[in-house]
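It should be emphasised that the depicted structure is a prediction, and the values quoted were computed from it without experimental measurement.
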Amino acid sequence: MIPADADRRDGKAVCATLDALADAWERCDAEAYGRQFTEDGTYTTYIGSHYEGRADITASHRALFKGFLKDSKLAARYLDMRFLTKDVAVLTSRGADYTGDKPGADELSKVTTFAP
């Protein structure tokens, strides 16, 4: 839901940011992935790992992309987007990392909430 005082382009910009995350993931580009977060952003994974700040998020993904996430991709679909104010959105998505064939919508096992 986009409030009347928010520009509809803002919703598209939020989705473009998440698309950029998926693109950076597919290229195993930790720097591009990290650039999608603010300097003081936080990131908590579905298993509970918590990262604070762009530098920490970038460094952790640099290691992950060299390790068990190497050559993986990220599939996602958006479930809900709500603007709490004109400048604050909360987006919920369902997704999964994968190698090989892209999983179907019913196979996306991880729910993530973003506040871009």
Side-chain angles (χ1 to χ4, degrees):
M1 155 175 25
I2 300 175
D5 61 342
D7 189 316
R8 292 206 173 274
R9 291 175 293 185
D10 294 338
K12 291 180 181 180
V14 170
C15 292
T17 298
L18 296 185
D19 292 343
L21 283 173
D23 180 61
W25 186 298
E26 184 170 338
R27 293 180 288 113
C28 291
D29 185 341
E31 284 69 24
Y33 190 87
R35 279 193 302 272
Q36 302 310 309
F37 293 84
T38 60
E39 288 291 333
D40 62 347
T42 60
Y43 181 70
T44 303
T45 71
Y46 71 97
I47 60 171
S49 301
H50 181 75
Y51 305 102
E52 293 190 25
R54 180 184 293 155
D56 192 26
I57 295 165
T58 301
S60 67
H61 281 79
R62 190 177 300 115
L64 290 167
F65 292 152
K66 289 180 182 177
F68 80 94
L69 292 178
K70 184 176 182 177
D71 299 325
S72 68
K73 297 178 183 178
L74 191 62
R77 74 181 171 102
Y78 306 132
L79 301 175
D80 185 58
M81 182 186 324
R82 294 175 188 249
F83 278 76
L84 303 180
T85 69
K86 180 181 170 186
D87 299 325
V88 177
V90 175
L91 176 81
T92 303
S93 70
R94 183 176 294 279
D97 56 90
Y98 69 97
T99 56
D101 295 333
K102 185 175 183 175
D106 60 335
E107 298 174 283
L108 301 177
S109 60
K110 300 166 189 148
V111 175
T112 306
T113 301
F114 298 89

- Query: Got a sec: does the NZ of Lys73 have more than 12 other heavy atoms crowding it under 6.0 Å?
  - Reply: no
For [X] versus [Y], what's the shortest heavy-atom pair and its separation?
X      : Y      : answer
Leu108 : Pro103 : CD2-CG, 3.8 Å
Leu21  : Phe37  : CD2-CE1, 3.7 Å
Ala30  : His61  : CB-C, 3.8 Å
Glu107 : Ala96  : O-CB, 4.5 Å
Gly34  : Arg54  : O-CG, 3.2 Å
Phe83  : Gly11  : CZ-N, 3.8 Å

Side chains of [X] and [Y]: closer than 4.5 Å at any heavy-atom pair?
X      : Y     : result
Leu74  : Glu26 : no
Arg62  : Tyr33 : no
Lys110 : Asp97 : yes
Asp29  : Phe65 : no

- Task: Test side-chain contact (heavy atoms from CB on, under 4.5 Å) on Tyr43 and Asp56 and set out the steps.
- Result: CA-CA 9 Å; Tyr43 181 70; Asp56 192 26; over 6 Å; no
Spatial distance of atom [atom1] ([X]) from atom [atom2] ([Y]) [nearest 0.5 Å]:
X      : Y      : atom1 : atom2 : value
His50  : Thr44  : NE2   : OG1   : 4.5 Å
Asp106 : Arg77  : CG    : CZ    : 8.5 Å
Asp71  : Arg27  : CG    : CZ    : 14.0 Å
Ile57  : Glu39  : CD1   : CD    : 10.0 Å
Leu91  : Thr113 : CG    : OG1   : 8.0 Å

